[in-house]
Amino acid sequence: MSSDGLWSIGELAARAGVTVKTVRFYSDRGLLPEAARSSGGHRRYGAEALDRLRFIRSLRALDLPVPEVERVLRDEGPDDVLEEAVAGRLRDVGSQLVALRWKEASLRLLQECAAGERTERLRLLGALPAPPDTDALVRFWRRALPVRLPGRVVATVLDAVVPQPPEEPGPEQVLAFARLHALVTDPRLERPEFRPAPPLPDGEYRPAVLYEGLAEAYGIASAEVRAGRAPQDGGALDCFVSAYARARGEADTPDFRRRLVGLLALDDGPVLPRYWKLAAGLFAPDQPVLGMLHHHLSTALRGQVHGPAA
């Protein structure tokens, strides 16, 4: 330090433990206060610049990008801006950790499987977006749902039928999600025989009435399952049948229930049973799978109409 108590750019760099290039970079961006200029026009820095440079290093050590560092240093209310920047960085780190956990589980899946399965599983994993998302699952259901369904009902349905990628997946969950992704992106879904059938013949029911009624029925059935009882108990089956009856503008009669059994059998295609089987291990443990609830209610109705299977 010279007699005036100031440092040259090299002296400041040495005290802060950075390179001269780093000091010059932040100085050129206006982030380091200059105390004065030498007679030769060289920058001179005081203790405030050293404190500022150490603060910048702390922010950059957290991987905050330079524009965020500039916001923290320049904007009014720096504590609020710093809190926002740290929160954003925490979200980024959380996303990176989830991506790493998926990579680890994927590697374990490949490591633990039989040699003859490894290539096929590697192809499944290679088709997944990284990090995994639910875009393909959402597209699948949007194609399957009635066009006239209100947006709020669509959102409710999607929340119930689309499993989110687990944040800490095991190898089996990675495999299930990869197979689920492969199922909903299968080109054969464009063929009518593979496409999920509508819940009732098109043009013969009110979609919003049906789906809102089914949501109520599934909610009752879900509560029964959580309580350790059969899903068709507690009025769920009557609510289930009522949803279809109201959607078709009919009364819930024994004759309607017989006809409904036949209508429900129409959606027993190859895709949805496979979908629900794969999705079962991806929902939260306390969240009964909607497809399984539908199956139990349909089976209970069939047993009520035709008697229990032999």
Side-chain angles (χ1 to χ4, degrees), residues 128-129 131-167 176-223 225-226 231 236-237 239-250 260 263-284 286-298:
L128 274 179
D133 58 46
T134 60
D135 291 352
L137 305 184
V138 169
R139 285 194 298 270
F140 167 78
W141 281 104
R142 286 191 179 278
R143 289 196 303 266
L145 292 172
V147 176
R148 293 170 291 144
L149 208 57
R152 58 181 172 77
V153 180
V154 171
T156 300
V157 173
L158 292 178
D159 284 343
V161 300
V162 175
Q164 296 300 312
E167 292 190 355
F177 199 87
R179 285 176 170 166
L180 196 59
H181 182 273
L183 176 69
V184 301
T185 56
D186 191 327
R188 290 179 296 176
L189 289 176
E190 300 300 324
R191 289 155 53 182
E193 63 268 28
F194 283 93
R195 202 174 301 151
L200 289 172
D202 194 29
E204 298 183 11
Y205 72 106
R206 292 173 292 171
V209 174
L210 175 62
Y211 280 89
E212 288 176 340
L214 288 178
E216 182 181 356
Y218 296 146
I220 297 171
S222 180
V225 171
R226 290 192 181 96
L237 181 57
C239 187
F240 179 74
V241 175
S242 177
Y244 283 96
R246 286 186 287 111
R248 288 175 62 90
E250 298 188 42
L260 181 57
L263 290 172
L264 292 174
L266 295 177
D267 65 3
D268 288 342
V271 176
L272 288 183
R274 174 71 170 162
Y275 181 97
W276 294 121
K277 183 177 181 179
L278 292 171
L282 298 170
F283 287 103
D286 63 342
Q287 182 181 359
V289 179
L290 187 147
M292 302 304 176
L293 297 177
H294 182 89
H295 172 74
H296 282 301
L297 292 172
S298 299

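- With rounding to the nearest 0.5 Å, the separation of CZ in Arg139 from OG1 in Thr185 is 8.5 Å.
- Pairing each heavy atom of Ala236 with each of Ala221, the nearest pair is CB-N, 3.8 Å.
- Distance check, rounded to the nearest 0.5 Å: CD of Glu212 to CZ of Arg206 gives 10.5 Å.
- Across all their heavy atoms, Thr134 and Gln164 have their closest contact at CG2-OE1, 3.9 Å.
- A donor-acceptor contact closer than 3.5 angstrom is absent between the side chains of Arg152 and Thr156.
- Ring geometry for Tyr275 versus Phe140: interplanar angle under 30°, hence parallel rather than tilted (30 to 60°).
- The 12-atom threshold is not exceeded at CZ of Arg142, counting heavy atoms of other residues, nucleotides or ligands nearer than 6.0 Å.
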Steps toward side-chain contact (heavy atoms from CB on, under 4.5 Å) verdict (Leu145, Tyr211): CA-CA 10 Å; Leu145 292 172; Tyr211 280 89; 3.8 Å; yes
Stepwise side-chain contact (heavy atoms from CB on, under 4.5 Å) check, Leu297 with Tyr218: CA-CA 9 Å; Leu297 292 172; Tyr218 296 146; 4.1 Å; yes
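- Inter-residue side-chain proximity for Pro165 and Asp133 is flagged as unmet; no heavy-atom pair is nearer than 4.5 Å.
- Shown here for Pro163 and Leu282, the closest heavy-atom pair between the two residues is CB-CB, 3.7 Å.
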side-chain contact (heavy atoms from CB on, under 4.5 Å) between Leu264 and Phe240, intermediate numbers included: CA-CA 12 Å; Leu264 292 174; Phe240 179 74; 3.9 Å; yes
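- Closest approach of Arg143 to Leu189, counting heavy atoms only: NH2-CD1, 4.3 Å.
- In this structure, the side-chain hydrogen bond (donor to acceptor under 3.5 Å, both in side chains) partners of Arg246, at least two apart in sequence or on a different chain, are Ser242.
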Derivation of the side-chain contact (heavy atoms from CB on, under 4.5 Å) call for Leu272 and His294: CA-CA 11 Å; Leu272 288 183; His294 182 89; over 6 Å; no
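- For the pair Leu137 and Phe177, the minimum side-chain heavy-atom distance is below 4.5 Å.
- A distance of 9.0 Å separates CG of Leu183 from CZ of Arg188, quoted to the nearest 0.5 Å.
- Among all heavy-atom pairs drawn from Pro231 and Val225, the shortest one is CB-CG2, 3.8 Å.
- Taken from CZ in Arg248 to CG in Leu260, the straight-line distance is 8.5 Å, to the nearest 0.5 Å.
- Listed here is the closest heavy atom pair of Ala160 and Gln287: O-NE2, 4.3 Å.
- Considering CE of Met292 and CH2 of Trp276, their distance stands at 8.5 Å, rounded to 0.5 Å.
- In the displayed structure, Glu167 atom CD is contacted under 6.0 Å by at most 12 heavy atoms of other residues, nucleotides or ligands.
- Separation of atoms CG (Leu180) and NZ (Lys277) is listed at 13.0 Å; rounding is to 0.5 Å.
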